[in-house]
Structure formats: structure tokens, C-alpha cells
> 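What follows is a single structure, and I will ask about it in a moment.
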Amino acid sequence: MKIEYYIETTLLQFLKTKSIDSIRVIDLIDEIGICKGTFYKYYKDKYHLLVCCFQKYYYNDILKGAEDWETFVSRSLSTFKKTPAVLLNAFDSQDINSLRGYHEELMSKYFFTGGSAEKEELYGYSVEAFAHYTTDILIDWLKNKCAESPSVLIERMKAVMPVTLYNGLTLNGEKE
């Protein structure tokens, strides 16, 4: 197996009990038994590693076959529900390069590529605000042990969706 696999799975193991900000690169390399140079050959820092992990082990599968926004969110929730502690610890960061930033960027990409509105200033602001609010909703859902159903969570997300996004959105495969 490739060394990246060991590094990534070790990080995911650590995230079961520690927040990303409390995990040190030295802890990872000591656990695996590699040198610093090997770690830095593949990753810029632990946040880069975190994003690579989540892209590979979470987000790639979610994006495959997600024809519309609701499918994208439902698939995300289904995947995230399997490992809530890992996700909470991954999101628990104040660093600008954290998973929160990546998640919000991923949501933004959906609206800029899947939405029909042009990239105007108001639209861009709406996307950023919505991505931020939905990430907060997701984190609250994880903290509450995923108690709400995906349909209830989707309705909560729609409730904070700016009209500029809603107008070009595809829900249930049809334009709203």
C-alpha cells in the first residue's frame, strides 16, 4: 500500500478522539514510523492532509451521481452520519485552511457550476453566506447526534437559502 494511505488513515483514527487543531504532525509520523520529509513530500501541513482525506474518503463518493442539490445534501448527510465524531473533530478548527473552508468552497463550486445565475457580486455573496450557514447547520446536526432526518435538515437549509440562489436551483431534478 502507498504511504499516503497510512498517513491518511492514521489521521482519521486520531480524529475519532482529537480535534484537528490538537493533532500534531509529529504525532502522526511517530505513530506511523516515518520521517518528517516523507510526510512533507505528500502534504503541505495537517490541514492539507485533512482536505485530501476528506476529498478521497468522503466527498468524492458524495459528488458521484448527485444530479441535484437535494441529492448532494442527502448523500452528504448519509455519509457523515457514519462517523460523526471524526467529522466534528475535523471541523473543530479556527484555521483558515480547515475543513470548514474546504466544505464551504465545495458548496460554492456547486452553486457556481450547477446554478444558473451569473457570477455577479450579490450572487457570490449569497453563495458564501449560504455555504457558511449550511456548514453551521451540519455541525449542529452532528453535535446533536444526527437526530434530525435528512428531509428536516434539507428544509432547515432551504430556510436560510438566499432568493438569489433559490431561483436558479434544481431540487428533485427539476428547476424550482
Side-chain angles (χ1 to χ4, degrees), residues 8 11-12 15-16 18-21 46-176:
E8 292 163 358
L11 176 66
L12 292 173
L15 286 170
K16 289 180 180 179
K18 298 177 178 182
S19 75
I20 187 63
D21 287 345
K46 66 182 176 181
Y47 300 104
H48 178 227
L49 167 60
L50 179 67
V51 168
C52 289
C53 278
F54 276 80
Q55 187 172 9
K56 187 182 291 180
Y57 298 103
Y58 287 88
Y59 292 115
N60 280 347
D61 288 338
I62 292 168
L63 292 171
K64 290 178 190 167
E67 316 88 34
D68 59 41
W69 182 77
E70 282 190 40
T71 305
F72 169 74
V73 173
S74 290
R75 292 181 84 178
S76 297
L77 298 175
S78 177
T79 300
F80 294 166
K81 192 173 186 174
K82 295 173 188 171
T83 55
V86 169
L87 281 143
L88 281 172
N89 285 327
F91 276 114
D92 188 21
S93 176
Q94 300 303 312
D95 194 279
I96 194 164
N97 298 315
S98 70
L99 187 61
R100 172 183 274 283
Y102 176 72
H103 185 263
E104 291 176 5
E105 180 182 320
L106 189 65
M107 295 267 312
S108 295
K109 278 183 189 175
Y110 174 83
F111 282 99
F112 279 122
T113 58
S116 64
E118 293 179 18
K119 291 185 182 181
E120 57 191 47
E121 190 174 342
L122 178 59
Y123 187 74
Y125 175 75
S126 297
V127 168
E128 288 177 24
F130 181 64
H132 181 77
Y133 293 139
T134 55
T135 302
D136 285 345
I137 290 170
L138 171 65
I139 291 169
D140 286 343
W141 178 71
L142 291 166
K143 285 179 180 176
N144 291 319
K145 298 181 177 22
C146 312
E148 294 173 306
S149 71
S151 59
V152 169
L153 217 56
I154 288 170
E155 290 305 314
R156 282 183 59 206
M157 290 177 182
K158 282 188 210 174
V160 298
M161 184 180 291
V163 172
T164 52
L165 299 185
Y166 193 79
N167 289 339
L169 187 62
T170 334
L171 297 172
N172 294 322
E174 295 180 16
K175 197 130 174 118
E176 281 293 308

> To the nearest 0.5 Å, what is the distance between CG (Leu12) and CG (Leu49)?
8.0 Å
> As an exercise, state the distance from CE of Met157 to CG of Leu138, rounded to the nearest 0.5 Å.
6.0 Å
> Between Lys16 (side chain) and Asn89 (backbone), is there a donor-acceptor pair under 3.5 Å?
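Pair absent, no side-chain N/O of Lys16 close to backbone of Asn89.
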> Using every non-hydrogen atom in the two residues, find where Pro150 and Leu77 come nearest and quote the distance to one decimal.
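Between these two residues, the closest heavy atoms are CA-CD1, 3.7 Å.
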> Which distance, rounded to the nearest 0.5 Å, do you find between the CG of Leu15 and the CG of Leu50?
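Output value for this atom pair is 6.0 Å.
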> With sequence neighbours left out, which residue pairs that include part of residues 90-105 fulfil the salt bridge (charged side-chain N to carboxylate O under 4.0 Å, His left out) condition?
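Those involving residues 90-105 are Arg100-Glu104, Arg100-Asp136, Glu105-Lys109.
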> Just so I know, are the side chains of Leu99 and Ile20 near enough to count as touching, which here means a heavy-atom distance under 4.5 Å?
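Leu99 vs Ile20: side chains apart.
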> If I take atom CG from residue Leu142 and atom CG from residue Leu87, how far apart are they, to the nearest 0.5 angstrom?
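These two atoms lie 5.5 Å from each other.
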> Could you check whether any side-chain heavy atom of Lys158 comes within less than 4.5 Å of a side-chain heavy atom of Glu70, counting everything from C-beta outward?
yes
> Do other residues, nucleotides or ligands put more than 12 heavy atoms under 6.0 Å from Lys81 NZ?
no
> List the steps and the verdict of side chain to side chain contact (heavy atoms under 4.5 Å, CB included) for Leu153 and Val73.
CA-CA 9 Å; Leu153 217 56; Val73 173; 5.9 Å; no
> Test side chain to side chain contact (heavy atoms under 4.5 Å, CB included) on Phe80 and Val86; report intermediate values, then the result.
CA-CA 9 Å; Phe80 294 166; Val86 169; over 6 Å; no
> If you take all heavy atoms of Ser98 and Tyr47, which pair is closest and at what distance?
CA-CD2, 4.1 Å
> Could you tell me how the ring of Phe54 sits relative to the ring of Tyr59: parallel (under 30°), tilted (30 to 60°) or perpendicular (over 60°)?
tilted
> Could you state the interatomic distance from SG (Cys53) to NE2 (His48), rounded to the nearest 0.5 Å?
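Separation between the atoms: 10.5 Å.
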> Does Thr135 reach the main-chain N or O of Ala131 with its side chain, forming a donor-acceptor pair under 3.5 Å?
yes
> Out of curiosity, His103 NE2 to Phe91 CZ, how far, rounded to the nearest 0.5 Å?
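Atom-to-atom, His103:NE2 and Phe91:CZ are 5.0 Å apart.
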> Is the backbone of Phe72 close enough, under 3.5 Å, to the side chain of Ser76 for a donor and an acceptor to pair up by distance?
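Judged by distance alone, yes, a pair lies under 3.5 Å.
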> Taking all non-hydrogen atoms of both residues into account, name the closest pair between Phe130 and Pro162 and its distance.
CB-CD, 3.8 Å
> Give me the atom names and distance for the closest heavy-atom approach of Lys143 to Leu88.
CG-CD2, 3.6 Å
